[in-house]
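In what follows, a single structure is set out as structure tokens and then discussed.
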Amino acid sequence: MERVDVAIVGGGPAGACAAERAASHDAETVLFEQGVPREDRDGPGPDSTDAAGMLDYWIDIMDFDYREIPDEIIHRELEGTTFIGPESQVELKTTGIDANYPEFGYTFHRARMDDWLHERATDAGADLRIGTAVTDLETDLRASSPNGPTHTLTLSNGDQLEAQYVVLADGPQRRITLDALDQFTAPGRSVSEYLSPPEANHIAYQEYREFPPELFAEFENQLKFWWGYMPGETAYPWIFPNDGTVARVGLTMPIGMQLEDVDNPGSYKLLEPTDDSIPSGSEYITRLLEREYGDEYDVETDIPIVEDRGKSKGTETYPISSTRPIDSPVGANIAVAGGAMGTTSAFHEGGYHVAVRTGKIAGRLAATDSLENYNDRWKHAIGDEILRNVSFADIVADYEPDDWNWAFDVINDMQGNSAENVLISKRYSAGLDATKIVAAYKRRKFNYRAGRYVQLAEDDYFY
């Protein structure tokens, strides 16, 4: 049987960075990625979108010098973002967090970024097996290895491989992670209860659309989000500017949500009285574009879908799981990284930056026989980011359209003319409504202090 030091399941940002760090520390490293058919290559490639957004301080969280990221990955630099509510909106020109990157952020080609991370891993000496999936993982807790438990991985081609350490980075689908961790949970409990509750699973859908130049110019250097336009926790549409005059128009919405579960459906601008079910993603986007730009443009002819982009004829659909994170069973020589461990924000659905950082930490510690430190190290590296995100997610979990209007009005009053993210920078005025928002944010951060945002702690595992 083939034997390696570190085996990595999943070739997204967490897995690729784990492979690069493990190999660069002289560990014999192999990464398995099932991959998906892509129109931009002959063989299988990363199951990732062609476009994503990156904020300034996220680059620092990734532990990259922004100057080393290749220019062909970046679509467009950003100057700010606009949050649009049903009757009010907020514009931010800064994240309010110190960062080395000189601009607000940028949009980037995520598949190219994934490819670049793969190149770095290969250059470091990792063996990347794209097109080969892991179908099963068994852990031998009583292995005679001097470094503790070992693992047997069964591959899609029928082969088996033994590894001293395993990094699980199989994203929100968690095809291997759930079963692999269940063997260490209490009888009658499942990791699915923490990472895959129905209310925390979302579907993202997006279209690549070509905008008229004069219309694209209105948002070419900013992100736009519409809050309170569609029902569901963490449900909102967006526009991200890409290259040329192409923009990604997309949304996230809960999986399986029913119209009868919606309170006050008439208050949502993207629902119509004739709806007998929740609209599809494509219908939502059409309604958004018609509402925003339909008075001056014919949406289907003037803002068409660009069919040579994305995974399938100008569209992309992918799952997102937005929960609080879990610790890893490091006593079993297993680390879980990125989306598989639940680091994707339940507030804004961003997760690329924390996936990169947790992958880097897991790979380095596995290669240096110090994986027992992983849970402490990832909290030190991304804990502040997780704490912000889960606190914001709690605050807005039950917001309806009127709540978003109220919140945006208050934030505008709080920031005055500064356009700062006042909840992060803490520069706020002393109004009653402002006090309510800030107090709610501080209270939730206090409740999650000292890593209490973790759902499944290291001590909850049984070996």
Side-chain angles (χ1 to χ4, degrees), residues 1-2 4 6-20 22-23 29-50 52 109-122 126-139 151-163 165-182 191-192 195-196 201 203-204 255 310-312 315-321 334-344 351-352 355-356 358-359 362-363 366:
M1 185 186 301
E2 181 182 4
V4 298
V6 181
I8 298 161
V9 181
C17 287
E20 185 272 332
T29 304
V30 61
L31 177 150
F32 298 101
E33 164 59 37
Q34 175 177 313
V36 297
R38 294 186 63 93
E39 295 180 1
D40 60 356
R41 64 198 70 198
D42 293 334
D47 186 10
S48 60
T49 171
D50 284 359
H109 194 298
R110 176 173 166 170
R112 290 179 189 165
M113 181 77 171
D114 285 358
D115 288 340
W116 178 62
L117 296 179
H118 283 188
E119 291 174 7
R120 287 168 56 90
T122 300
D127 178 6
L128 273 58
R129 304 183 188 180
I130 310 301
T132 301
V134 175
T135 60
D136 188 55
L137 171 67
E138 294 184 5
T139 300
H151 312 276
T152 300
L153 290 76
T154 301
L155 310 180
S156 54
N157 60 10
D159 292 344
Q160 289 190 317
L161 173 143
E162 183 178 272
Y165 299 98
V166 167
V167 178
L168 297 172
D170 48 351
Q173 296 94 335
R174 305 182 179 103
R175 295 186 179 97
I176 299 299
T177 291
L178 296 180
D179 286 342
L181 299 191
D182 276 348
V191 177
S192 295
L195 290 177
S196 297
N201 285 301
I203 193 73
I255 294 174
K311 294 180 185 177
S312 176
T315 69
E316 292 174 334
T317 303
Y318 52 94
I320 298 175
S321 181
I334 293 175
V336 192
M341 67 183 284
T343 55
T344 302
Y352 200 95
V356 165
T358 54

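Distance alone, capped at 3.5 Å, is enough to place a donor-acceptor pair between the Thr343 side chain and the Gly338 backbone. Checked by atom type and distance alone, the side chain of Ser321 never pairs as donor or acceptor with a backbone atom of Pro172 at under 3.5 Å.
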Would Arg41 and Asp115 count as a salt bridge (charged side-chain N to carboxylate O under 4.0 Å, His left out) here? Give the steps. CA-CA 11 Å; Arg41 64 198 70 198; Asp115 288 340; 2.9 Å; yes
Step by step, would you call Ile176 with Leu168 a side chain to side chain contact (heavy atoms under 4.5 Å, CB included)? CA-CA 8 Å; Ile176 299 299; Leu168 297 172; 4.1 Å; yes
Take Thr139 and Ile334 through the side chain to side chain contact (heavy atoms under 4.5 Å, CB included) test and state the conclusion after the steps. CA-CA 9 Å; Thr139 300; Ile334 293 175; 3.9 Å; yes
Intermediate values then yes/no, side chain to side chain contact (heavy atoms under 4.5 Å, CB included), Thr152 and Leu161: CA-CA 6 Å; Thr152 300; Leu161 173 143; over 6 Å; no
Yes or no on side chain to side chain contact (heavy atoms under 4.5 Å, CB included) for Val336 and Leu181, after CA distance, side-chain angles and deciding distance? CA-CA 9 Å; Val336 192; Leu181 299 191; 3.9 Å; yes
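Atoms SG and NE2, from Cys17 and His118 in turn, are 9.0 Å apart once rounded to the nearest 0.5 Å. Between the CG atom in Leu137 and the CG atom in Asp170 there is a gap of 10.0 Å [rounded to 0.5 Å]. A distance of 8.0 Å separates CD1 in Ile203 from CD1 in Ile320, rounded to the nearest 0.5 Å. To the nearest 0.5 angstrom, Leu155 atom CG is 4.5 Å from Phe32 atom CZ. Remark: Leu128 CG to Thr122 OG1 distance equals 4.5 Å, nearest 0.5 Å. Interatomic distance, Gln34 CD to Gln173 CD, rounded to the nearest 0.5 Å: 9.0 Å.
When the options Ile130, Val134, Thr132 are evaluated for a side chain to side chain contact (heavy atoms under 4.5 Å, CB included) with Glu33, the one that passes is Ile130. When each of His151, Met1, Glu138 is tested with Glu162 by the rule side chain to side chain contact (heavy atoms under 4.5 Å, CB included), just one qualifies, namely Met1.
Between Ser156 and Gly131, the shortest heavy-atom contact is OG-O, 4.5 Å. Between Asp182 and Ser192 the shortest heavy-atom distance is OD1-N, 4.5 Å. Across all their heavy atoms, Ala7 and Leu153 have their closest contact at CB-CD2, 3.9 Å. In terms of heavy-atom proximity, Leu117 sits nearest to Ala16 at CB-CB, 3.7 Å. Taking each heavy atom of Ala19 and Leu31 in turn, the nearest pair found is CB-CD1, 3.9 Å. Considering every non-hydrogen atom in both Ile8 and Ala18, the closest pair reads CD1-C, 3.6 Å.
One finds no salt bridge joining Asp136 and Arg175 here, because no Lys/Arg side-chain nitrogen approaches an Asp/Glu carboxylate oxygen to under 4.0 Å. A salt bridge links Arg129 to Glu2: one of the charged nitrogens lies within less than 4.0 Å of a carboxylate oxygen.
Figure legend: cation-pi geometry between Arg112 and Trp116 absent, as NZ or CZ is not positioned both under 6.0 Å from the six-membered ring centre and within 45° of its axis.
Under the 4.5 Å side-chain criterion, counting only non-hydrogen atoms from C-beta, Asp114 is in contact with Tyr352.
The environment of Asn157 atom CG is dense: over 12 non-hydrogen atoms of other residues, nucleotides or ligands sit within 6.0 angstrom.
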